[in-house]
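Working notes for the structure below.
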Amino acid sequence: DIVEGIEEFNLAVRPGAGYTVSETQNGGRILIKDTPDSKIQVSLSTEPAVLIESEQTLSVHNFSLSATPPEEGVTISVSAPNLSEFDLGGIAVEGGEILEARADGFDFKITARAAKISLPIADDGVEEGLEEATFTINPGDSYQINPEGGSATFTVVDVPEQAPGTVEESNDTLETAIATGLGGGTLSASFDGEIAEHTIELSPGDSLLIDGTEDVDLYKVDLLTGQQLLRNKPHRGDIRDWLNYKPSAQSQRFPLQITQRPFPIASILLFRQQP
């Protein structure tokens with residue numbers, strides 16, 4: 001069974017034909033519990049996956065509540081054995097406040113349904129290689145923990161060259177298409193992509209293997225009506241001819257689907273032509 005704690009739903013009566021809506025009694029809040037003992041559930045997610053000390057990468061810790069917190073907030077305890085690896089002087093907090101910071105964690109009062117802590121990794125100048133930094137919500141009396149979102153781990157490296165590769169691509173859907181930056185005074189953009197076999201996780205324990213010849217990268221660009229997107233001859237590989245698409249007044253943004261096959265690496269240079 002899915003554990004959700006106390007869930008909050010807001011209902012509102014909308015205006016319609018044949019009736020009027022009261023100005024004072026037109027909706028309300030509904031709380032649903034899994035059990036009589038359910039509490040507000042706290043979840044934690046983090047980004048990005050890899051923190052680079054030489055670049056003092058900003059770690060983002062997103063905390064969410066299953067319902068609006070009470071006026072006094074929900075105070076949680078977080079365990080962070082590697083907290084000393086972070087620059088606490090650069091911390092920024094939204095939707096709550098840090099009540100106490102310890103060498104191995106902190107207490108965080110959450111005052112909104114969504115709260116965020118931004119914390120840069122420290123550049124200590126010490127060569128440590130690949131490390132991990134884990135943040136875990138500790139059990140408490142006033143809240144319950146999402147069993148699938150109570151802990152998160154960063155990979156920490158000294159320099160970018162030590163960052164591990166990934167088996168998942170981040171630009172193979174329309175939502176994650178790479179912005180080319182074409183627009184305004186920017187008239188050209190160049191991209192290099194690697195064709196590689198990779199896997200996509202469909203569910204825990206179930207993944208899909210993507211062959212190198214099926215690798216697809218998506219890009220997007222903003223064009224004004226009358227402008228045209230052109231390409232030069234790729235150094236290697238090929239690109240679909242419909243890149244010469246001209247947008248209409250109703251369609252000023254569209255995805256660019258670049259299929260690079262069968263070569264292991266392909267490059268493309270895009271130009272924005274004035275009307």
Side-chain angles (χ1 to χ4, degrees), residues 3 5 39-70 72-171 175-176 178-179 201 204:
V3 179
K39 304 172 184 176
I40 291 180
Q41 183 164 283
V42 186
S43 302
L44 168 64
S45 64
T46 57
E47 57 181 327
V50 179
L51 306 178
I52 303 172
E53 291 188 355
S54 65
E55 298 184 355
Q56 294 184 284
T57 307
L58 190 69
S59 68
V60 178
H61 312 246
N62 298 301
F63 296 87
S64 61
L65 302 181
S66 60
T68 301
E72 67 273 15
V74 174
T75 299
I76 65 173
S77 173
V78 178
S79 173
N82 300 96
L83 190 59
S84 60
E85 296 283 345
F86 293 81
D87 180 10
L88 297 180
I91 193 171
V93 180
E94 300 177 23
E97 63 175 306
I98 302 293
L99 299 182
E100 179 185 359
R102 301 174 294 276
D104 60 350
F106 55 89
D107 293 337
F108 182 38
K109 183 171 75 170
I110 302 175
T111 56
R113 288 195 65 175
K116 181 171 69 174
I117 296 176
S118 300
L119 182 62
I121 191 71
D123 183 9
D124 55 17
V126 180
E127 294 185 7
E128 300 161 310
L130 190 147
E131 299 178 289
E132 289 187 344
T134 300
F135 292 76
T136 304
I137 302 175
N138 297 322
D141 295 331
S142 62
Y143 58 91
Q144 66 182 60
I145 304 170
N146 183 344
E148 298 182 355
S151 181
T153 300
F154 296 99
T155 295
V156 182
V157 297
D158 299 320
V159 293
E161 291 74 18
Q162 295 175 344
T166 177
V167 296
E168 295 186 8
E169 292 204 323
S170 60
N171 65 321
E175 292 76 13
T176 59
I178 296 175
E201 185 176 355

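Only this structure's heavy atoms are used, side chains among them; waters, hydrogens and symmetry mates stay out.
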Taking distance alone, no hydrogens or angles, what donor-acceptor pairs closer than 3.5 Å link side-chain atoms of residues 74-95 to residues at least two apart or in another chain?
unit_1 : atom_1 : unit_2 : atom_2 : d
Ser77  : OG     : Asn138 : ND2    : 3.1
Asp87  : OD1    : Gly89  : N      : 3.1

Test log, rule side-chain contact (heavy atoms from CB on, under 4.5 Å), inputs Asn62 and Glu47: CA-CA 8 Å; Asn62 298 301; Glu47 57 181 327; 3.6 Å; yes
Please report the shortest heavy-atom distance between Pro69 and Ile40, naming the atom on each side.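 Shortest heavy-atom separation between Pro69 and Ile40 comes out as CA-CD1, 4.1 Å.
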Derivation and outcome, side-chain contact (heavy atoms from CB on, under 4.5 Å), residues Tyr143 and Ile137: CA-CA 10 Å; Tyr143 58 91; Ile137 302 175; 3.9 Å; yes
Using modelled atom types only, decide if a donor and an acceptor are shared between the side chain of Gln41 and the backbone of Val3 within a distance under 3.5 Å.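 A pair under 3.5 Å: yes.
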Do any N or O atoms from the side chain of Arg113 and from the backbone of Ser64 form a donor-acceptor pair under 3.5 angstrom?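 The answer is no, because no donor-acceptor pair under 3.5 Å joins these two groups.
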Listed by chain and number, what are the side chain to side chain donor-acceptor pair (under 3.5 Å) partners of Ser59, not counting sequence neighbours?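 Per chain and number, Ser59 pairs via side chain to side chain donor-acceptor pair (under 3.5 Å) with His61.
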If the condition is side chain to side chain donor-acceptor pair (under 3.5 Å), which residues does Thr46 pass it with, not counting sequence neighbours?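 So Thr46 forms no side chain to side chain donor-acceptor pair (under 3.5 Å) with any residue.
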Heavy-atom side-chain proximity of [X] to [Y] below 4.5 angstrom:
X: Ser142; Y: Lys39; result: no
X: Gln162; Y: Ile52; result: no
X: Thr153; Y: Phe135; result: no
X: Ile145; Y: Val42; result: no
X: Leu65; Y: Ile110; result: yes

For a quick test of your reading: what N or O donor-acceptor pairs under 3.5 Å do the side chains of residues 114-131 make, sequence neighbours left out?
unit_1 : atom_1 : unit_2 : atom_2 : d
Asp123 : OD1    : Gly125 : N      : 3.4
Asp124 : OD1    : Val126 : N      : 3.0

Can you tell me which residue pairs pass the ring pair (Phe, Tyr, Trp, His ring centres under 6.0 Å) test with a partner in residues 92-118, sequence neighbours excluded?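 The answer is Phe63-Phe108.
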Quick one: which residue pairs count as a salt bridge (charged side-chain N to carboxylate O under 4.0 Å, His left out) with a foot in residues 133-160, not counting sequence neighbours?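 Qualifying pairs, neighbours excluded: none.
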So if I apply the salt bridge (charged side-chain N to carboxylate O under 4.0 Å, His left out) rule between Lys109 and each of Glu72, Glu100, Glu97, which one comes out positive?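 It is Glu97; the other options fail the test.
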